[in-house]
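Below you'll find the structure, written out as structure tokens, and then a few comments.
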Amino acid sequence: MSHHLNPKKPSKMKLFFWILPPAVLGISLVSLISLTFENIYPGKTFHPESNRATVVQSLTGEKSKYFYINKNTNIQPKISAKAFLVGDLNTGEVILSKNQEEKYPIASVSKLMTALVAKEISARDEKAKVSKTALLTNGANGELKLGENIKTSELLYPLLLESSNDAAEVLAEHFGRDNFIAKMNQQAEKLKMVNTSYGDPSGLSINNQSTASDMFKLAGYLTQQEPDLIKITSKRSYSNKKQSWSNISQFLGMDGYFGGKSGYTDPAKQTVVSLFNLPLGQKGVRPIAITLLQSSDRQKDVQAILKYLKKNVYYGGASDASTNWVEERVGMPDIKDPNFVTLIFGGDIMLDRGVKSSVRKNFNNDYSKLFEKKDLVNLLKNSDIVFANLEGTASDRGTDLGNLYSFRMDGSVIPALRGAGISILSVANNHVGDWGRAAYTDTLARLKENEILYTGGGNDRAEAVTPAIIEKYGIKIGFIGFSDKGPDYMAVKDDNVGILLANDPDFDKIIKDASAQVDYLVVSFHFGEEYKTKHDARQEKLAHKAVDAGAKIVIGHHPHVPQDIEVYSRKGCTQSSCASYIAYSLGNFIFDQSWSAPTMKGMLLEIKLNRDGSMTVRKDTTQLNSVFQLDKIIKGKEEKVKFQTVKPTTP
């Protein structure tokens, strides 16, 4: 019997039901792939030709679910970055951009790719060994120890929280450095980051280059596919049984911030990928990425973009443009820089000895816990500049010179201070030489690594006499510092690291030259007698000399308790706008002097310095608890600084 009989043809109805399920499945898969492609490669969208917000449509042809409106399209945010991109992480659509395809060095933003590759190729509980070569990499963040074995998954925390270059190199070495870097470039190619290249795992190499557009693609991929990595970048800190790492992001704690990564090198300037959930619609929030390259002030740039978005951009349809909630937003005042800079001044910070013991016992070595109280977090977050005195070095180098009280803090203190919002520190005091010049030099390097400015000392005299300058809203604020309490052996030399002393023969000239470079100058002194609540003649003489030479604000440390204040005007000043403000001592910010109630308190001084030179001040009282956390802040009364008749300088 033949086996090639022609079978009976099925009916058209049966054929229809036989074909229908696969067809439906196929359409579903195509839709799924399209959505996945859109999410994984968010840059695959229509880019508006202009840099202004506009209605955009994705390549899939799907109409946008939102509508952008600008009250005045000629007003754009003032951004210092040479290239930037602002986009929606859900749809991949671009809201604002400038030079988004221009390649620039990206610095430590590179570590996002380092983390991604390490996570993808690491086995569960895989460990890497810290080598001498890795520890020789520029920078000390991470506090990794030679020969220690650490899980590759845990190395992601110092990598992303503290931007540890050592952690980046340990990961790369573990997997074969050349192979690891090749995988970084392969991953960039896979994500269609066509203008991105990596030459090292840390971002120190000038060959680590990308575009604002490519960084946006990476942010989109990580948000959609590797949210755990983004979650790490939003943590305030992370501790295991041996170590603790603090988040150094200056955006931590800002409303809506949910992660990102910053970077800095001289060629790259300031770079950032910063992610926010923003209430740009009547309901809910939108995940927005901001990528900046070649910025001179990433914090100011991001804040300007956020203000612009909240005023000019909303999600909805065209029919929503006349609704009340949109009209309220469009009717907001134009975004302008404030006419004042808010400065916060704190006292002595010493996190060695009893504070170190408390942090080990109570906070698992996590120094960021000292600054976690809500009142302090909010106060520092809402200021433009935060200044304090670092009472000693933060290093693992040097030799104890045997002083009666010898302070050397853990290196991990510096990232914690950065994460707390400290902008600039005085490094001129009687304890910075306790462990010699090696510890001091290392401390300066760690401060620079964490983008904390310092004054009162330097790697040579030229650096020490140059004011640290912070510009906010077009107002340049300079800082210069001196110690009147030694140590004399730490005096800075033309070719050797050290501090500026108040008896420097060029004292007046240093201040005059610094004042000429800025709009307003802050002069810091380590002076006075310990535990005295009134300033003495020596303090007054130095403070008045500083004002006469050009200081606008004089801040004192060393007595460990708050002292009196004074409004003093240089000769020729006849109005409040040229008056100067002197705070002779702010007492302790965080110190372990628990034997005395006054030394467990301090003053946080807030000064609003207006563009015209007039000032308002508020003196807050701080209280440390038994574990040396800054526990309470008792708000003072805000007062205008009023001109006073010139008081003769004490002879």
Side-chain angles (χ1 to χ4, degrees), residues 42 81 83-87 89 104-120 139 141-142 155-169 171-172 184 187-188 191 193 196 198 200-205 208-238 245-254 256-265 268-277 287-295 297-299 301-302 305 415 418-419 449-451:
F84 68 87
L85 188 149
V86 183
L89 288 167
Y104 294 105
I106 57 176
S108 285
V109 171
S110 304
K111 293 184 176 79
L112 289 174
M113 182 62 81
T114 305
L116 173 60
V117 171
K119 185 174 185 293
E120 287 191 344
N141 279 9
L155 281 168
L156 298 180
Y157 290 92
L159 179 78
L160 295 175
L161 294 179
E162 294 191 358
S163 198
S164 171
N165 296 328
D166 292 352
E169 287 293 341
L171 286 167
M184 292 175 68
Q187 186 68 35
L191 298 183
M193 297 166 62
T196 299
Y198 296 98
D200 75 5
S202 66
L204 291 172
S205 171
N208 286 33
Q209 298 200 4
S210 188
T211 65
S213 177
D214 279 2
M215 288 295 97
F216 177 57
K217 295 175 187 178
L218 179 58
Y221 179 84
L222 293 174
T223 303
Q224 296 287 343
Q225 304 298 319
E226 297 290 350
D228 287 347
L229 292 179
I230 296 298
K231 189 175 181 180
I232 289 175
T233 67
S234 68
K235 289 180 175 291
R236 185 174 182 83
S237 62
Y238 174 83
W245 299 288
S246 299
N247 196 330
I248 64 174
S249 172
Q250 60 200 134
F251 304 107
L252 192 68
M254 287 182 61
Y257 180 75
F258 69 91
K261 186 74 188 72
S262 301
Y264 174 81
T265 61
K269 296 186 178 180
Q270 295 184 27
T271 63
V272 76
V273 171
S274 201
L275 313 177
F276 293 88
N277 282 317
I288 302 297
I290 300 172
T291 64
L292 302 173
L293 298 177
Q294 292 283 305
S295 172
D297 189 339
R298 75 170 79 84
Q299 185 175 32
D301 284 351
V302 168
I305 289 170
R418 172 60 174 174
E449 180 182 1
N450 287 278
E451 297 184 38

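Computed from heavy atoms alone, side chains included, the values below leave out hydrogens, waters and symmetry copies. Position 1 is the first residue of the sequence, and the numbers go up from there.
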Any side-chain heavy-atom pair of Ile290 and Phe84 under 4.5 Å: no

Shortest non-hydrogen contact between Ser234 and Leu252, atoms and distance: O-CD1, 3.3 Å

For Tyr257, all residues meeting ring pair (Phe, Tyr, Trp, His ring centres under 6.0 Å), sequence neighbours excluded: Phe276

Intermediate values then yes/no, side-chain contact (heavy atoms from CB on, under 4.5 Å), Met113 and Leu218: CA-CA 8 Å; Met113 182 62 81; Leu218 179 58; 4.1 Å; yes

Note, Glu226 side chain near Glu120 side chain (heavy atom, < 4.5 Å): yes

Residues Lys217 and Asp214 bridged, charged N to O under 4.0 Å: yes

Residues that Phe251 engages under ring pair (Phe, Tyr, Trp, His ring centres under 6.0 Å), provided they are two or more places apart: none

Ile106 side chain near Tyr198 side chain, heavy-atom distance below 4.5 Å: yes

Contact summary for Gln224 and Leu89, nearest pair of heavy atoms: NE2-O, 3.4 Å

Pairing residues for Arg298 by the side chain to side chain donor-acceptor pair (under 3.5 Å) criterion, not counting sequence neighbours: Gln250, Glu451

From CA spacing to verdict: side-chain contact (heavy atoms from CB on, under 4.5 Å), Lys235, Tyr157: CA-CA 9 Å; Lys235 289 180 175 291; Tyr157 290 92; 4.0 Å; yes

Atom pair CG (Leu293) and OG (Ser210), whose distance is rounded to the nearest 0.5 Å: 7.0 Å

Pair Ile305-Val302, side-chain contact (heavy atoms from CB on, under 4.5 Å): steps then yes or no: CA-CA 5 Å; Ile305 289 170; Val302 168; 5.7 Å; no

Main-chain N/O of Phe216 paired to Thr291 side chain as donor or acceptor, under 3.5 Å: no

pair Ser164-Leu159: side-chain heavy atoms closer than 4.5 Å: no

Between Asp200 and Ser202, a side-chain donor and acceptor under 3.5 Å: yes

Closest contact, heavy atoms only, Leu229 versus Leu160: O-CD1, 3.9 Å

Residue pair Leu161 / Tyr238, side-chain heavy-atom distance below 4.5 Å: yes

Test item: Asn450 and Ser163 side chains (from C-beta on) under 4.5 Å apart, heavy atoms: no

Nearest non-hydrogen partners of Ile248 and Glu162, listed with the distance: CD1-O, 3.6 Å

Minimum heavy-atom distance between Asn208 and Ser110, given as atom pair plus value: ND2-OG, 3.0 Å

Verdict with reasoning, Lys111 to Asn165, per side-chain contact (heavy atoms from CB on, under 4.5 Å): CA-CA 9 Å; Lys111 293 184 176 79; Asn165 296 328; 2.8 Å; yes

pair Tyr221-Met193: side-chain heavy atoms closer than 4.5 Å: no

Nearest heavy atoms of Ala107 and Ala268, plus distance in Å: CB-CB, 3.8 Å

From Glu449 atom CD to Asn141 atom CG, the distance as rounded to the nearest 0.5 Å: 3.5 Å

Euclidean distance, Leu156 CG relative to Ile232 CD1, rounded to 0.5 Å: 5.0 Å

Test item: Leu222 and Val273 side chains (from C-beta on) under 4.5 Å apart, heavy atoms: no

